Amino acid sequence: MQYTAKTLDIIKQRSHCLVVACYEGATLSDAASAVNMAGQQQLETLVKREEFKGKAGQSLLLLNPIGIAADRLLLLGLGSPDKDGAVSVENFRKAVAKIPDALKSTPSREIAVSLADIKVKDQDINWQARQVAEALELSTYRFDKFKSQPSENGFAPTKLIFGCDKKQVTAATRGLETGKAIALGMNLARDLGNLPGNVCTPTYLANEAKRLARNQTKLTVKVLEEKQMKELGMHSLLSVAAGSDQPAKLIVLEYKGGSKNDAPIALVGKGITFDTGGISLKPGAGMDEMKFDMCGAASVLGTFHALLELDLPMNVVGVIAASENMPNGNATKPGDIVTSMSGQTIEILNTDAEGRLVLCDALTYTERFKPRTVIDIATLTGACVIALGNHASGLYSNREELAQALLKAGQEANDRAWQMPLWDEYQKQLDSNFADMANIGGREAGSVTAACFLSRFAKKFAWAHLDIAGTAWKSGGAKGATGRPVPLLVQYLLNNQ
Ligand code: BES
Ligand code: MN
Ligand code: ZN
């Protein structure tokens, strides 16, 4: 999609649809009033006739509006403003989310938006433009490459003109770029997540990372093969790959946008391209959804995509531990003991707790970059879905300041996390009679003990863990990857450039 911020003549601007807004009680915004005046009070008449109240999330579409050059006019409800005349962040988002919804049955492609006269509580024009761009770019997403007929329905915008004052153009342009970059990152993460396990293998993920780096001067990608991982002592990671015919890959991305000596932020992704559970085989029902077990890796690649789009002046490292978890004759068995790259030994009591086994070696590998912070992202536990559902990612950290920064980024980007405890009391659930630790901690607090396990490999840096098992994809009729937590991660990077 193409994005432009400029001063708009809302009467003369040609477009397939002009978008304006209205407050609760059917009070037209300044832009909507101007349109109304130019069109013989048509808008006012229709608002009354259709009993349009202007509640947040309501919309009214006019075909062939009188007095303006646009083919259609879309009126968005904003709800009630506060005493300073500002609408809430939630209501503005609700209104913007209505644009694709309201236009999906029309052939509208070029959209002009005149919302700059709306005050949003504590937000500026950059933020507003970003919301509109993100919503429109996300609405273009389709995943129909495996359908013999492409889906033809839906809204397919190609151009957004964001109207604002002349002095706001620079800020609005940056907002449009940010929204677009986040949405493109999410759409890449969604694509990779939605791909089936027979296509999206560890090798596929490695190639995808290399493709991102093509023609980029700031990004380099290196892929470690099993042989090199063995030399490094990554026997925990390799124990997961042992039962699969697909070779594991450790994918290392280095983005150098900052100065040479700036310590990087590191993003470490779980990339299990299919999780059968291994010898501790999962039950059959719903097992197809374990193709999404690489959504942590996908969010790392999506975030790097956004990082390249935004050309941020900072250093970022990505490490992706990619493997299948399969049960062939070479597979790891319950009770097997492995030595991790850190030297700590692990008794594998359940081969289905494989995410932590690949991540622990990826975390140890990450030490070499002397990162200022390390964030791992993983569809790690079903228990996290039980605890938090689909609304928040589980957040754990060994530094309170980092936890707070990530919570804030999630709030700002509308991609929230919720902090969970990482108390010492939980650690003893990982005791093993035969090795330094077991890879499972029993039925209680399953998401916490998984994080506790990882914390033992994150002692040398400021570290946070995002358990995205509940947020990375949707089940049921709307089954598909969400692209989360790309917005949170990009926001965190934006806040720390
Ligand atoms: N990938 C799964 C976690 C998962 C399960 C995410 C269901 C979303 C939905 C992970 O590898 C796993 O199997 N975890 C086990 C851990 C257990 C054996 C301690 C789980 O959550 O059941
Ligand atoms: Mn598993
Ligand atoms: Zn898994």
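For ligands, and for the atoms within them, numbers begin at 1 and follow the listed sequence. Treat the numbers as computed from the prediction; the structure is a model and nothing was measured.
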Exercise. Give the C-alpha distance, both sets of side-chain angles, the deciding distance and a yes or no for side chain to side chain donor-acceptor pair (under 3.5 Å) between S342 and Q344.
Key: CA-CA 6 Å; S342 72; Q344 301 176 91; 3.1 Å; yes
Flag if over 12 foreign heavy atoms under 6.0 Å of [atom1], [X]:
X: K147; atom1: NZ; result: no
X: K256; atom1: NZ; result: no
X: E401; atom1: CD; result: no
X: E400; atom1: CD; result: yes
X: K121; atom1: NZ; result: no

Protein residue, atom and distance nearest to [atom], heavy-atom basis:
atom: atom 6 (C) of ligand 1; answer: A469 CB, 3.6 Å
atom: atom 18 (C) of ligand 1; answer: N350 ND2, 3.5 Å
atom: atom 10 (C) of ligand 1; answer: L380 O, 3.3 Å

Quiz item: Are any of the side-chain heavy atoms of V317 and V319 separated by less than 4.5 Å?
Solution: yes
Quiz item: Are the side chains of M294 and L192 in touch, meaning some heavy atoms are under 4.5 Å apart?
Solution: yes
Quiz prompt | D275: its N/O/S atom lying closest to the Zn ion (ligand 3) (atom name) | solution = OD2
Quiz item: Can you name the N/O/S atom of E354 that is nearest the Zn ion (ligand 3)?
Solution: OE2
Quiz item: Closer than 2.8 Å to the Zn ion (ligand 3), do we get an N, O or S atom from D352, backbone or side chain?
Solution: no
Quiz item: Once you round to the nearest 0.5 Å, how far does CE of M287 lie from OG1 of T276?
Solution: 6.0 Å
Self-check item: N/O separation below 3.5 Å, D352 to ligand 1
Solution: yes
Self-check item: Close N or O approach (E354, ligand 1; < 3.5 Å)
Solution: yes
Self-check item: Shortest-distance N, O or S atom of E354 relative to the Mn ion (ligand 2)
Solution: OE1
Quiz item: the Mn ion (ligand 2) is nearest to which N, O or S atom of D275?
Solution: OD2
Can you list the atoms of ligand 1 that are under 4.0 Å from a heavy atom of [X]?
X: K282; value: 12 (C), 13 (O)
X: I440; value: 19 (C)
X: T379; value: 1 (N), 2 (C), 3 (C)
X: K270; value: 1 (N), 10 (C), 11 (O)

Quiz prompt | D191/K145 ion pair, N-O < 4.0 Å | solution = yes
Quiz prompt | Salt bridge flag under 4.0 Å for residues R93 and E90 | solution = no
Self-check item: Heavy atom of protein inside 4.0 Å of atom 21 (O) of ligand 1, strictly below
Solution: yes
Quiz prompt | I272 contact mode with ligand 1 (heavy-atom cut-off under 4.0 Å) | solution = neither
Quiz prompt | Region of D275 engaging ligand 1 - heavy atom pairs below 4.0 Å | solution = side chain
Practice problem: Have a look at the Zn ion (ligand 3) and estimate, to 10 degrees, the angle subtended by NZ (K270) and OD2 (D293). | Solution: 90°
Quiz item: Hey, does W473 sit under 4.0 Å from ligand 1 if you only count heavy atoms?
Solution: yes
Quiz item: Hey, is E289 one of the residues with a heavy atom under 4.0 angstrom from ligand 1?
Solution: no
Exercise. Answer yes or no for R190 and F143: cation-pi contact, defined as NZ/CZ to six-membered ring centre under 6.0 Å and angle to ring axis within 45°.
Key: no
Self-check item: Criterion side-chain contact (heavy atoms from CB on, under 4.5 Å) against T366, the qualifying member of V374, D361, D376
Solution: V374
Exercise. Decide yes or no on side chain to side chain donor-acceptor pair (under 3.5 Å) for E137 and Y3, but give the supporting numbers first.
Key: CA-CA 10 Å; E137 190 67 50; Y3 296 85; 2.5 Å; yes
Practice problem: Between G446, G382, C384, flag the one that comes closest to atom 4 (C) of ligand 1 by a heavy atom. | Solution: G382
Quiz item: So which of M290, R356, R443 gets nearest to atom 5 (C) of ligand 1, if we judge by its closest heavy atom?
Solution: M290
Exercise. Tell me, please, if D352 has any N/O/S atom, main chain or side chain, under 2.8 Å from the Mn ion (ligand 2)?
Key: yes
